[in-house]
Number of protein chains: 2
Amino acid sequence: MRLTNATSVKKSVKQGIRAVAARAGVSTASVSRALNNPDAVSPSLRARIEQAIDALGYIPHAPARILSSRRSRTLGAIVPTIDNTMFARGIASLQHYLSSVGYMLFLTTSGYDLDVELQQARNLISRGVDGLVLRGDCHHDGLRKLLADNAVPFINVGIYQPDRPYPCVGTDNEAAAHRAAAHVIELGHRRIGIVSALQRNNDRASARVAGFRRALAENGLELPPQWHVEVPYTLDDAREAARYLLNLKDRPTAVVCGNDVIAYGVLLEAERDGFSVPRDLSVVGFDDLDWSRHLRPSLTTIHVPTGETWQRAGEYLVRSLAGEQTIMHREVDFSLVVRESTAPPPKSPK
Amino acid sequence: MRLTNATSVKKSVKQGIRAVAARAGVSTASVSRALNNPDAVSPSLRARIEQAIDALGYIPHAPARILSSRRSRTLGAIVPTIDNTMFARGIASLQHYLSSVGYMLFLTTSGYDLDVELQQARNLISRGVDGLVLRGDCHHDGLRKLLADNAVPFINVGIYQPDRPYPCVGTDNEAAAHRAAAHVIELGHRRIGIVSALQRNNDRASARVAGFRRALAENGLELPPQWHVEVPYTLDDAREAARYLLNLKDRPTAVVCGNDVIAYGVLLEAERDGFSVPRDLSVVGFDDLDWSRHLRPSLTTIHVPTGETWQRAGEYLVRSLAGEQTIMHREVDFSLVVRESTAPPPKSPK
DNA sequence: GTCTATTTTGTAACCGTTTTCAAGTTGTGT
DNA sequence: ACACAACTTGAAAACGGTTACAAAATAGAC
C-alpha cells in the first residue's frame, strides 16, 4: 500500500455534502439544490441523492450554510425576563410560529438593563440572526445605531406607537389602562389608588400609569402622591404596597394595578386586613393571567392577547425578510373583563 | 479611471476580519489571535488591532468562526413547554449561567411529543450546538442513536437515575413523592387520593405517581382506581378532577397532587363545594411555586430547587466540553414544606 | 558578537455550504 | 433537419473566520 494512494483516497471522500455527492455520483451543487430547491433537480437525481442522504445520516451544517448564503433563517429575541408569565407566553407563541415556517429563535434576557440589551443584540447579530424581536421601544441609543449600521430588521413588540418610525405590534397600553380606570370611575369611585410596576426602563409600565392618570385627570380626580406606589413583580412586594395603602388614614376605595400579580397581592392583603372585596375595595388587574378568573373574588382585569401579539411580530419579520410589504404599526386589541373584584364604592367610605 | 484598477482595489479590502487586518496593518491571523487569545499577541499590536476593530465597528461572524473552529459555544435545550413556571424558571437559570460563561442557548419546545423532540434535536445538531440539555430520560430511540452517532454530549435534567449510563441531574421525584404521601400518612390519613399530571411521555409525572403508590403500599393502604385521576396542567382540569373525587360516595380524606397547579385547583374546588381545608380534606402539592405560600390555606408541598438543577446541567456540559472530569449523576435535594393545607383527618370521616 | 531557544507574526490551507457561470441536454417550431 | 429556447448539471469561486506551519524577531547564555 502506497502512501500516495492512501492520501488520494482519504482526500476523495471525507464527509458532509461532498460525501453525499460522491455516494450519489453527482456534484455538490446538485445535492445542495436537491436540499434547498428540490424542483430544480430531476426526479431521478433527487431520488439518488435522497437515498444517499439517509444512507449516510447526513445532517447539513447550518453554520456553513449561513456563511455561504448570508441567511440564517434565525431570529433573535431579547426580553427583560422569561420569568414572567406574559413573556413566557409570548415567547412560546413566537417560537411555535417560527418553527412552523422553518425558522429558529435565539432567546436572550436583559433583566431590564439597557446595556445588557445592547450587548445581547451585538451577540445575536454576530450570531447571524436575520432579524430581531425587541420588547418595547425603550432601548440604548447604541442599539438603534447598531441595528441601522448592520441593516438588521427588527420590531418592537408589546407597544403600539403609530407615530414612531420603527415597526411595532402590540396593544395600546395607555388606552387600555385608561379603560381600566374609567371602569371604576363609571362605577362611582372618586378615590382611586394606583399600584404600578416599576417604570424604569419599562415603557409598558409607564404607558399604563399614564393611562390611569389621564382617566383620573379627565374626570377631575386628584391623585395624592401617597396613593401611587411602584412595586417589583412579586407577590410579597405587592402585598406590602397594599398594606401601606389600606392603612392610610385617608385611603382609596378602588385600586387599579399595573398587572395581575400585583392585583392578586392587593386582594390577598385586603382579605388579611379584613377588607371585603369588592364591598370595601374594588381592585382591577391587567393582563388576565390564567388563574385570574379562578380567584375569589375573580379578578376584573384587562385582557391582552399576548400570544397573538408575539406571533404577529414574528410574521412581520418573516414577511419582511421574504420581501413582502407589511404593516409597520399594528395594533392588537385589548378588552376589559369585568368580574367580581369591582363594584360601586361603599356609601359611607369610612 | 480604469476598470482593472477599480477591480484590484475592490478586491484588496472588503470587510470582516481582513478589513480589520488591513487597517491595523497586520495579518488576519493576528487579529484572530487578538480576539481569541489576547495574550498570544504583543501589547502594541493588540492596541493597534483593538483600535481598528472599533473604528470599523467590527463584529465577528459567529457562523464563520464555528465553521472553521468546530466549536460554537452554544448549547441546545429541548423542553416540553415553556408555558410551565418550573420550566421557565429552569431555562431562565440555565441561560443566565450560560451567558455568564460566554455560551449561548438555543431553546426549543417539543410539547411532550417524542418525534418532535427528535426533530428538534436534529435541528439543533445541524445548528452546530456543542451539547444538548434534555428534559428527563423519556426519549425517542432515534434520539439516543443520533446523539451517539454525532458524538453530541448531553444531559437529562429533572430526574435522578444513578443506575442509567447517561448523565443526569435532578431530584429523585419518586423519593420526594414518597415523602409527600408519607407526610399525610403520618398525620393519620388512611384514605388517600392521587391527582397526577399526565404520565404519558413524562417520566417526572410517572416517578411521582410511583412514589405516591409505594408509600401507600408500604403502609398497607388501598388505592381504589377511582381515587387516582390524571389531568393536564391547567386549573380547569384540576378542578374538574377534584369535583369528581369530592363527590364520590366513598371519598378520600387527603389528596396528594402531581404539582402545585393541580393542588391549587383542588383547593379551589374544595372550597367551592363547601369543604374546609385542612379540616375536611388535606391537600399536598409538588414544586412549591411562588404563590403557594400565599394561598389560603397556604399549601403544603415539596420544594424543588429548579434553578439550581438547570444551572448544574449547564455546568456539567460546559465542564465536560472543557475536558474536565465531572459527576455524571447528580442528585439535587428536595424538601417537604409543611404549611396549612394538611392536618390529621376528621374523626368521623363521613 | 555568535549561537540557540523562545516568542511573535505572517502565509495560506482549510471548515462545509451556496451560487455563478458555462456546458451539456432536451424540447419546440419551422 | 436546424436554430433556438428552456432546463439540468457540474466546476470552482466565494462566504469569514481559524490554525498549522514557517519565517522573523527577540532574548538569553556564553
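To find a chain, count down the sequence lines: A is the first, B the second, and so on, and within it residues start at 1.
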Enquirer: The side chain of S42(B) lies closest to which of these nucleotides: dG16(D), dG10(D), dT9(C)?
Expert: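 Between dG16(D), dG10(D), dT9(C), the one nearest the side chain of S42(B) would be dT9(C).
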Enquirer: Between atom CG in L56(A) and atom P in dG16(C), what is the gap in whole Å?
Expert: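 Between P of dG16(C) and CG of L56(A): 14 Å.
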Enquirer: Which residue lies toward the 5' end of DNA chain C, V26(B) or T28(A), if each is placed at its nearest nucleotide?
Expert: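 Checking each residue's closest nucleotide, the 5'-ward one belongs to V26(B).
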Enquirer: What's the spacing between L118(A) CG and R122(A) CZ if we round to 0.5 Å?
Expert: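 One gets 4.5 Å once the value is rounded to the nearest 0.5 Å.
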Enquirer: How would you label the contact of I66(B) with the nucleic acid (heavy atoms, under 4.0 Å): base, sugar-phosphate, or nothing?
Expert: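 I66(B): no heavy atom of the nucleic acid under 4.0 Å.
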Enquirer: May I have the distance from R46(A) (atom CZ) to dC7(D) (atom C1'), rounded to whole angstrom?
Expert: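 Rounding to the nearest Å, CZ of R46(A) and C1' of dC7(D) are 14 Å apart.
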Enquirer: Can any side-chain N or O of H329(B) pair as donor or acceptor with the backbone N or O of R164(B) at less than 3.5 Å?
Expert: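 Yes; judged by distance alone, with no hydrogens or angles, the pair exists.
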Enquirer: Students often get this wrong, so: under 4.0 angstrom with heavy atoms, is R70(B) touching a base, only sugar-phosphate, or nothing?
Expert: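 Result for R70(B) = sugar-phosphate.
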Enquirer: With nearest nucleotide decided by heavy atoms, which residue, R33(B) or H61(A), maps closer to the 5′ end of DNA chain C?
Expert: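 With R33(B) and H61(A) compared, the 5'-side residue is R33(B).
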Enquirer: Between atom CZ in R71(B) and atom P in dT18(D), what is the gap in whole Å?
Expert: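 From R71(B) CZ to dT18(D) P: 13 Å.
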Enquirer: Rounded to whole Å, please give me the gap between CG in N37(B) and P in dT19(D).
Expert: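 Roughly 10 Å, once rounded to whole Å.
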Enquirer: Pick base, sugar-phosphate or nothing for S69(B), based on heavy-atom distances below 4.0 Å to the nucleic acid.
Expert: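 Sugar-phosphate contact only.
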Enquirer: Assess whether a salt bridge exists between D203(B) and R135(B), defined as any Lys/Arg side-chain N lying under 4.0 Å from an Asp/Glu carboxylate O.
Expert: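 The answer is yes: the pair qualifies as a salt bridge.
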Enquirer: Base, sugar-phosphate, or nothing for V31(A), non-hydrogen atoms under 4.0 angstrom?
Expert: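 No contact at all - V31(A) keeps every heavy atom at 4.0 Å or more from the nucleic acid.
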Enquirer: Which nucleotide in the set dT9(C), dG17(D), dG16(C) lies at the smallest distance from any side-chain heavy atom of L67(B)?
Expert: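 Of dT9(C), dG17(D), dG16(C), dG16(C) is nearest to the side chain of L67(B).
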Enquirer: NA contact type, P60(A), heavy-atom cut-off 4.0 Å: base, sugar-phosphate, or nothing?
Expert: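 If one applies the 4.0 Å heavy-atom cut-off, P60(A) turns out to touch the sugar-phosphate alone, with no base involved.
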Enquirer: Starting at atom CZ of R127(A), determine the distance to atom C1' of dC15(D), rounded to an integer number of angstrom.
Expert: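 Distance, rounded to whole Å: 18 Å.
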Enquirer: Roughly how far apart are Y112(A) OH and T81(A) OG1, rounded to 0.5 Å?
Expert: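 With rounding to 0.5 Å, OH (Y112(A)) is 7.0 Å from OG1 (T81(A)).
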Enquirer: Figure out the CD1/P separation between I17(B) and dA12(C), and round it to whole Å.
Expert: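 Distance check: I17(B) CD1 to dA12(C) P gives 17 Å.
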Enquirer: Any idea which of dT18(D), dG16(D), dT18(C) is nearest the S32(B) side chain?
Expert: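 So the nucleotide nearest the side chain must be dT18(D).
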Enquirer: Has S30(A) got a side-chain N or O lying under 4.0 Å from the OP1 or OP2 atom of dG10(D)?
Expert: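 Yes, because at least one side-chain N or O of S30(A) sits under 4.0 Å from OP1 or OP2 of dG10(D).
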Enquirer: For Q161(B) and C168(B), indicate whether the former's side chain and the latter's backbone hold a donor-acceptor pair under 3.5 Å.
Expert: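 Judged by distance alone, no pair lies under 3.5 Å.
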Enquirer: Starting at atom CG of L45(A), determine the distance to atom P of dT26(C), rounded to an integer number of angstrom.
Expert: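 Rounded to the whole Å, the gap is 12 Å.
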Enquirer: Nearest to the S68(B) side chain among dG16(D), dG10(C), dA12(C), which nucleotide is it?
Expert: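 Nearest nucleotide to the side chain: dG16(D).
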Enquirer: Tell me which of A40(A) and A29(A) sits closer to the 5' end of DNA chain D, going by the nucleotide each one is nearest to.
Expert: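 In this pair, the answer is A40(A).
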Enquirer: Does R65(A) contact dG16(C) through a side-chain donor or acceptor facing the base, at a distance under 3.5 Å?
Expert: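 No pair found.
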Enquirer: Using a 6.0 Å cut-off, check whether atom CD of Q325(B) has over 12 heavy atoms from anything other than its own residue.
Expert: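 No, because the 6.0 Å sphere around CD of Q325(B) holds 12 heavy atoms or fewer from other groups.
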Enquirer: Round to a whole Å and report the spacing from CG of D39(A) to C1' of dT8(D).
Expert: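 Atom-to-atom, D39(A) to dT8(D), this comes out as 13 Å.
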